[in-house]
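In the text below, chain A, chain B and the rest are named by the order of the sequence lines, each starting its count at 1. Note that this is a predicted model, so its numbers are computed, not measured.
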Amino acid sequence: MLRTHTCGELRAVDATVPVILCAWVHRRRDHGDLTFIDLRDRYGITQIVASAKDQPEAHAALKDVRSEWVLRVHGTVRERPAGTRNDKLATGEIEVVASTVEILNEAKTPPFYVNEETPVDENLRWKYRYVDLRRERSKDLMRLRHEVTTFIRSFFVERGFWEIETTMMIRSDPTGARDFVVPSRYYPGKFWALPQSPQQLKQILMIGGIDKYVQIARCFRDEDPRADRIYELTQLDVEMSFVEPKDVMSITEECYTQVFERFAQKPLHRTPFPRLTYDEAMRRYGSDRPDTRFGMELVDLSEAVRGTSFAVFKDAVARGDVVRAIVVAGKAGASRKDVDGWAAVARTKGAKGLVSFAFAGSEVRSPVAKFFTAEELERIRTSSGATNGDLVLAVASDDHTASASIGTLRAHLGEELHLADASTHHFLWVHPFPMFERTPGGGWTFSHNPFSGPLSEKDAALVETDPATAYSTQYDLVVDGNELGGGSVRIHSRALQEKVFQVMGISKEEAATRFGALLDALEYGAPPEGGIATGMDRTVMILAGLASARETIAFPKTQTGYDPLLDAPAALDPAQLAELGLKVETKPGPR
RNA sequence: GGUCCCGUGGUGCAGCGGCCUAGCAUACGUCCCUGUCAAGGACGAGAUCGCCGGUUCGAAUCCGGUCGGGACCGCCA
């Protein structure tokens, strides 16, 4: 080893010990004939000192040294003179008196500060990620992620789970997200796909008798990235044989309770985690991942407005649609501009408009006030639970659109008005879910996962007779309004799996082509089994209180999926293309 | 595919029709300094305001386009 100690470990008891430290120059303080260097590595910062009088050789060497140079310092640990200790440093009671200073490497002036917490343009941060990773914030996030991952892995391993690596090159299946694909050289014209998740593989592992599987698995989804959605995500992937939903939920809950108690910056609001059905979540919060850190639950005004002369509401109720609303406490004074902005939010989820009622003293201000009698307005007030000074925002639409648009508005207002309890983390389960949801074309698609089993025998029967009313074993784990993950107990009969595909308009033949391996496996003794997958990037992001998942990974890409560090993606040279049997028709873009 | 915000010395910001010969902080360079720890002091260098075009007597500032970054909608089983 080039060093005897790290920069984080020396204390007063080490005084007089000869040491060799190797690390980066964090800061230099030059007092002329006395020079201090803060030497920094992953472990901490240690002050190096050299004086012209007593350590002339080291002192001379330090004259030229600059920030981020890499040094090897030979010296002796000394307790700092009285009055010069630094309580802010773990090593603040000592300093290393340098005898010789070797320069292992010089460094250009860094493109941004390593020793300060200023925000930096992400393009620059990712391009110089090796500099960025030296920053305390980035380093702490890498450590947090490492510790959380290690903890979770041990948690499952201690409970009898085997970590098994599944293949990264699989068959493309264009359901769900777009696949990232890899051309095959040996089979020209054919392609591998990178897995969106190891879903089918882990089910096949259960059929193989592995019994309990865990993997911190990389998954790839070629959809436009967002702050909390990246191309390459890492998920905690778990599967167990001979289980019911409560078994998977219970071990997941135990794991996440421990993870958050150990690593979060604030306590859990409540354990055990509350449970909402999908229907209740939609009815009360207008979301299948409700943020329960604040109230403002949805209210139904359909009955209250049934007899009014306001056609939008009256006609909606008459045709079986609903009027849903939220009460924004104390916002009766909101401006027209505010309300217009909120209406735009509601419209993004399909609302045709947004009607406001401001209850200010004896007066009710609303753009549509003239269509309502005083009694009707009072009925709206009482059935919404609004009190003086409150603002009621209402949408008329079909049940799902009304809930979803008001729910989105609720989430938006929660952010805008800082309504959420910031002192605790609110976990909850959403379970069960409907098995199917409507496609825009009027058909059916799976609500989460085509392999999710029906909740009961009754639901299994409904798959054929009335898919709309069939419930699945699906459970989602939600924290602070974020979907952390989800899973289900799987279908373990080929016949039922094929029936489910059929409802979704996938024929037996098509299913056999796309999901052949799994369907065949189901005929060779498939156990009842289930599992869950949760997002590790999101987990770390929430633990660290970040708004973006990009910082939680070592080598992030930009929002357009560009990697500034490696300058990727990049064109292939013609020889590579030829070998793969590929011809590129689109000219590469500006990059 | 779409909407919105941003782009000014290395970095982070200010300036938003003429007072800009572009300001501040910090970093950077040279010098002074033996107890600092965001060291201090003195001096200095560094940007034609992302790019292209337009409006104007005059553009960092207004308009259009384009490129790049970010937030969001669509999309994300």
Side-chain angles (χ1 to χ4, degrees), chain A residues 26-39 45-55 59 63 66-68 78 80-89 91-92 95 108-128 131 173-179 196-197 199-200 219-231 233 341 344-345 347-350 408 412 415 433 435-437 439-440 445-452 472 474 483 486 488 500-501 504 506 514-515 533 535 547-548 550 557-560 562 564 589-591:
Chain A
H26 189 64
R27 242 182 260 280
R28 187 173 71 113
R29 288 180 297 280
D30 185 348
H31 291 228
D33 286 338
L34 184 70
T35 300
F36 298 98
I37 298 281
D38 284 344
L39 209 56
I45 288 177
T46 296
Q47 176 167 286
I48 310 299
V49 64
S51 86
K53 183 163 144 275
D54 300 322
Q55 297 83 31
H59 181 263
K63 265 287 178 231
R66 292 295 180 268
S67 284
E68 300 309 312
R78 171 168 82 188
R80 293 198 191 186
T84 66
R85 296 190 172 199
N86 186 347
D87 297 334
K88 284 184 274 182
L89 285 183
T91 61
E95 61 194 356
K108 288 183 173 179
T109 302
F112 47 83
Y113 304 110
V114 174
N115 52 21
E116 276 183 40
E117 284 300 320
T118 41
V120 177
D121 178 73
E122 289 194 15
N123 217 11
L124 204 62
R125 275 185 81 184
W126 309 152
K127 179 167 182 180
Y128 296 97
V131 174
D173 168 38
T175 47
R178 206 174 284 119
D179 283 325
Q196 296 174 28
S197 98
Q199 182 63 41
Q200 294 183 58
C219 310
F220 305 85
R221 295 176 192 175
D222 187 6
E223 296 296 343
D224 293 358
R226 287 283 195 286
D228 63 344
R229 259 167 41 195
I230 47 188
Y231 273 168
L233 53 134
V345 173
R347 264 187 240 110
T348 64
K349 294 290 175 178
T408 299
H412 175 91
E415 290 240 333
F433 278 78
M435 274 195 82
F436 301 100
E437 50 187 58
T439 61
T445 185
F446 42 94
S447 75
H448 270 79
N449 178 315
F451 312 110
S452 292
S472 81
Q474 180 75 31
E483 184 190 329
S488 63
V500 167
F501 283 138
M504 299 173 346
I506 300 174
R514 282 164 56 178
F515 307 105
S548 155
R550 284 190 294 276
K557 296 173 176 48
T558 69
Q559 196 178 54
T560 50
Y562 172 70
R591 275 178 142 140

Counting only Watson-Crick pairs (N1-N3 plus N6-O4 or O6-N4) and G-U wobbles (N1-O2, O6-N3), all under 3.5 Å, who is the partner of [N]?
| N | result |
| --- | --- |
| B:G35 | none |
| B:A27 | none |
| B:U66 | B:G50 |

Looking at [X], I'd like to know whether one of its side-chain N or O atoms comes within less than 4.0 Å of OP1 or OP2 on [N].
| X | N | result |
| --- | --- | --- |
| A:Arg29 | B:A39 | yes |
| A:Thr558 | B:G69 | yes |
| A:Gln196 | B:C76 | no |

Seminar exercise, completed: Closest of B:C76, B:C73, B:U36 to the A:Ala177 side chain is B:C76
Exercise. Under 5.5 Å between ring centres and under 30° between planes: does that hold for A:His31 against the base of B:G40?
Worked result: no
Exercise. For A:Phe112 and B:U11, do the ring centres fall under 5.5 Å apart while the planes stay under 30° apart?
Worked result: no
Problem set entry | Counterpart residues, salt bridge (Lys or Arg N to Asp or Glu O under 4.0 Å), relative to A:Glu223 (two or more places apart) | A:Arg178
For [X] and [N], give me the distance from atom [atom1] to atom [atom2], rounded to whole Å.
| X | N | atom1 | atom2 | result |
| --- | --- | --- | --- | --- |
| A:Asp224 | B:G69 | CG | P | 13 Å |
| A:Leu89 | B:A39 | CG | P | 11 Å |
| A:Asp121 | B:G69 | CG | C1' | 5 Å |

Checking all strands, does [X] fall into the base, sugar-phosphate, or nothing category for heavy-atom contacts under 4.0 angstrom?
| X | result |
| --- | --- |
| A:Pro119 | sugar-phosphate |
| A:Pro81 | base |
| A:Gln47 | base |

Quick one: list whatever passes ring pair (Phe, Tyr, Trp, His ring centres under 6.0 Å) with [X], sequence neighbours left out.
| X | result |
| --- | --- |
| A:Phe220 | none |
| A:Phe112 | none |
| A:Phe446 | none |
| A:Phe433 | A:Tyr278, A:His448 |

Has the side chain of [X] got a donor or acceptor atom sitting under 3.5 Å from an opposite partner on the base of [N]?
| X | N | result |
| --- | --- | --- |
| A:Arg229 | B:C75 | yes |
| A:Arg80 | B:U36 | yes |
| A:Glu95 | B:G35 | yes |
| A:Arg226 | B:G74 | yes |

Answer yes if the side chains of [X] and [Y] hold a donor-acceptor pair under 3.5 Å, and no otherwise.
| X | Y | result |
| --- | --- | --- |
| A:Gln47 | A:Arg29 | yes |
| A:Ser452 | A:Ser488 | yes |
| A:Gln474 | A:Asn449 | no |

Below 3.5 Å is the cut-off: list the nitrogen or oxygen pairs between protein and nucleotides 25-29 of chain B, distance only.
unit_1 : atom_1 : unit_2   : atom_2 : d
B:U26  : O2'    : A:Tyr113 : OH     : 2.9
B:U26  : O2     : A:Tyr113 : OH     : 2.6
B:G29  : OP1    : A:Arg66  : NE     : 2.8

[atom1] atoms of [N] and [M], separation to the nearest Å:
| N | M | atom1 | answer |
| --- | --- | --- | --- |
| B:G23 | B:C32 | P | 29 Å |
| B:G64 | B:U48 | C1' | 22 Å |
| B:C49 | B:G10 | P | 13 Å |

